[in-house]
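The basis for the numbers below is simple: all heavy atoms, side chains too, and nothing from hydrogens, waters or symmetry mates. The structure displayed is predicted, hence computed values, not measured ones. Naming: A, B, ... by sequence-line order, numbering from 1 per chain.
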Protein chains: 2
Amino acid sequence: MEYFQELKSTKIFDSASEFDCQAMMFCFKTRFKTFDKNENIVTQGNKIEDIILILKGGAIVENIDILGNISIVMQLKKGDVYGIESAYAGDEFYKDSVIASEKCLVLFMNKHRLINPCENKCKRHDAVVKNLMRLVAESNLKLLDKLTHLSKKSTREKLLSYLGLMSERAKSDYFEIPFNLTELANYLSVDRSAMTTELGKMKKEGLIDYDKRQFHIFNNKIKY
Amino acid sequence: MEYFQELKSTKIFDSASEFDCQAMMFCFKTRFKTFDKNENIVTQGNKIEDIILILKGGAIVENIDILGNISIVMQLKKGDVYGIESAYAGDEFYKDSVIASEKCLVLFMNKHRLINPCENKCKRHDAVVKNLMRLVAESNLKLLDKLTHLSKKSTREKLLSYLGLMSERAKSDYFEIPFNLTELANYLSVDRSAMTTELGKMKKEGLIDYDKRQFHIFNNKIKY
DNA sequence: TAAAAAGTGTTGTTTTTACAACAAAAATAT
DNA sequence: ATATTTTTGTTGTAAAAACAACACTTTTTA
């Protein structure tokens, strides 16, 4: 079966057998399609027919609001799914456009077949739904974390909220962050240079120490 | 059956029959419990055994970070569920505490029974899972909206992002928001008085008009 | 209906941030 | 190894926000 290797290594098909994958491909009325860089995979405002799964390459999710402002909602990479929340929430139209940021291979799965109970009794359908649920649940938790940081008013508070969480996750005062500083500023929605300045101050005040992505937070020095 | 009226009016049990509810109560190993104001329903750091559903009253979800800062993550009201994302994401411990903000009635449902396929073949188990998925999906979309607003840097941009979306939803330049101004400032994480000032400026500049919760946005006047 | 509470609008001051422009260091590509 | 690009650090200035304090209005409660 074509693309079986790509399929089984995704979180949602999660090591399913080739036979089971084949059955699901039929059940979900899937089709594979490749896109070149900058091609639209999904177009904002179009009717939601499919949930998409990125099998190779990457894409960005872009939204245009009523005022015409374009914003990047998120990035999709291998294994990521788009459209599942809207599908379950009962939305009729795609909220965003998905645009290939490089050459990529995409699996389209029929929305109705996916979210409704399987009539074909295809063995792993339930497992896929559970995997999807986990994906959405994880996404939810990530968004909540980000919201916690962004709802702080000052850059310093945002940084401490983020670094504190990272430290907590690492169960250590020493930890590495998954961003470079430019990306971190972007993630926290603050000006990069202002953030660097603030990090510098915090270092000088002895609250934190850092080098590149390596951080050391002096939790004891941070007043409650 | 006790509390059947409360159960069937929730989104997750969604008009299930009394018989089906009864079966699910057994299947999910549920128990009902009432709490007085300020009592802990769930305690941060404790092992996740149950998913909770608020049947009467309301509660707040509160988080204490590693630095000791307490923040209100969200509010729960009748019909709301807590713990489902963490359960599906495989977390072991509750991320937050849930505290009754008034006298309330809570349903505890066993996490494992709920998220794993039903062995009792109880008729509506799948439907409940689908309803849960819709809940989580909707929550996801709400969080994404809020993030869109919060990631704008200025108060004006935050307001326009929010009001623009509300207008889009209402399919009209005239719409009513579900917050009073104090709540809106809180939602957008900006200072209330600064927000009022900004709203005043925008009104003076002819971008918007408003009275209490009634807004009129002049989309044509907003430059792209 | 009176009193209390909640919500809204305004102002001035202080603090913080965004922004722009640039320099230097580090990483990557050729 | 050298050139190019990316990342990081610094500064000054202008703009914006937070904060605090208060007056006024509306809504809720007793």
Side-chain angles (χ1 to χ4, degrees), chain A residues 37 58 60 69 71-72 75 101-102 148-163 166 175-216 222-223, chain B residues 37 58 60 69 71-72 75 101-103 148-163 166 176-216 222-223:
Chain A
K37 181 170 175 174
I60 57 164
N69 302 109
S71 56
I72 292 175
Q75 307 206 37
S101 54
E102 56 185 308
T148 305
H149 311 321
L150 289 205
S151 59
K152 308 291 181 189
K153 293 186 179 162
S154 69
T155 298
R156 174 172 297 206
E157 281 178 304
K158 287 185 174 103
L159 282 166
L160 284 176
S161 173
Y162 175 74
L163 296 174
M166 288 297 106
F175 53 93
E176 182 175 337
I177 64 171
F179 298 125
N180 65 39
L181 297 188
T182 305
E183 290 168 336
L184 178 58
N186 192 48
Y187 173 79
L188 294 178
S189 289
V190 294
D191 180 75
R192 184 199 58 77
S193 69
M195 190 190 81
T196 308
T197 307
E198 193 60 37
L199 280 172
K201 276 190 207 164
M202 288 163 74
K203 187 189 263 189
K204 193 165 289 170
E205 291 175 30
L207 299 181
I208 61 169
D209 195 12
Y210 70 99
D211 179 50
K212 309 254 164 54
R213 295 178 173 199
Q214 303 294 330
F215 279 79
H216 179 193
I222 295 164
K223 69 159 189 325
Chain B
K37 180 170 176 175
I60 56 164
N69 302 109
S71 56
I72 292 175
Q75 306 207 38
S101 53
E102 56 185 307
K103 196 173 187 313
T148 305
H149 311 321
L150 289 205
S151 59
K152 308 291 181 189
K153 293 186 178 162
S154 69
T155 298
R156 174 171 297 205
E157 281 177 305
K158 288 185 174 104
L159 282 166
L160 284 176
S161 174
Y162 175 75
L163 296 174
M166 288 298 107
E176 182 174 336
I177 65 172
F179 297 125
N180 64 40
L181 297 187
T182 304
E183 289 167 337
L184 178 59
N186 192 49
Y187 172 79
L188 294 178
S189 289
V190 295
D191 180 74
R192 185 200 56 78
S193 69
M195 190 189 81
T196 308
T197 307
E198 193 60 37
L199 280 173
K201 276 189 207 163
M202 289 161 75
K203 188 189 263 189
K204 194 165 288 171
E205 291 175 31
L207 300 181
I208 61 168
D209 195 12
Y210 71 99
D211 179 50
K212 307 255 166 52
R213 297 179 171 198
Q214 303 295 330
F215 278 79
H216 180 192
I222 296 164
K223 69 158 189 326

task: Establish whether the base of dG9(D) is bridged to the side chain of R192(A) by a donor-acceptor pair shorter than 3.5 Å.
output: yes
- prompt: How long is the line joining CD of Q214(A) and C1' of dT8(D), in whole Å?
  reply: 16 Å
statement: Here the distance between atom C1' of dT10(D) and atom CG of L181(A), to the nearest Å, is 14 Å
- prompt: Would you say dT8(C) has OP1 or OP2 under 4.0 Å from some side-chain N or O of T182(B)?
  reply: yes
query: To the nearest Å, how far apart are K153(A) NZ and dC19(D) C1'?
result: 9 Å
field: Euclidean distance, atom NZ of residue K212(B) to atom P of dA6(C) [Å, nearest integer]
entry: 18 Å
field: Atom-pair distance (CG on D191(A); C1' on dA16(D)), nearest Å
entry: 13 Å
Short side-chain N/O contact from T196(A) to OP1 or OP2 of dT8(D), under 4.0 Å: no
- request: Please name the pair of heavy atoms, one in Y187(B) and one in H149(B), separated by the smallest distance, quoted to 0.1 Å.
  value: OH-CD2, 3.7 Å
query: Rounded to the Å, how far apart are E198(A) CD and dT8(D) C1'?
result: 16 Å
- prompt: Under 4.0 Å between a Lys/Arg side-chain N and an Asp/Glu carboxylate O for K203(A) and E198(A)?
  reply: no
- prompt: So does S193(A) get a side-chain nitrogen or oxygen closer than 4.0 Å to the phosphate oxygens (OP1/OP2) of dA20(C)?
  reply: no
task: Give a yes or no on this: more than 12 heavy atoms of other residues, nucleotides or ligands lie within 6.0 Å of atom CD of E102(B).
output: yes
query: Looking only at side-chain N and O atoms, does Y210(B) come under 4.0 Å of OP1 or OP2 in dT8(C)?
result: no
query: Nearest-Å distance, NZ (K152(B)) to P (dA17(D))?
result: 14 Å
CE-CG distance between M202(A) and L163(A), expressed to the nearest 0.5 angstrom: 6.0 Å
task: Return no unless some side-chain N or O of N180(B) is found under 4.0 Å from OP1 or OP2 of dT8(C).
output: yes
statement: Taken to the nearest whole Å, CE/M195(A) to C1'/dT16(C) is 16 Å
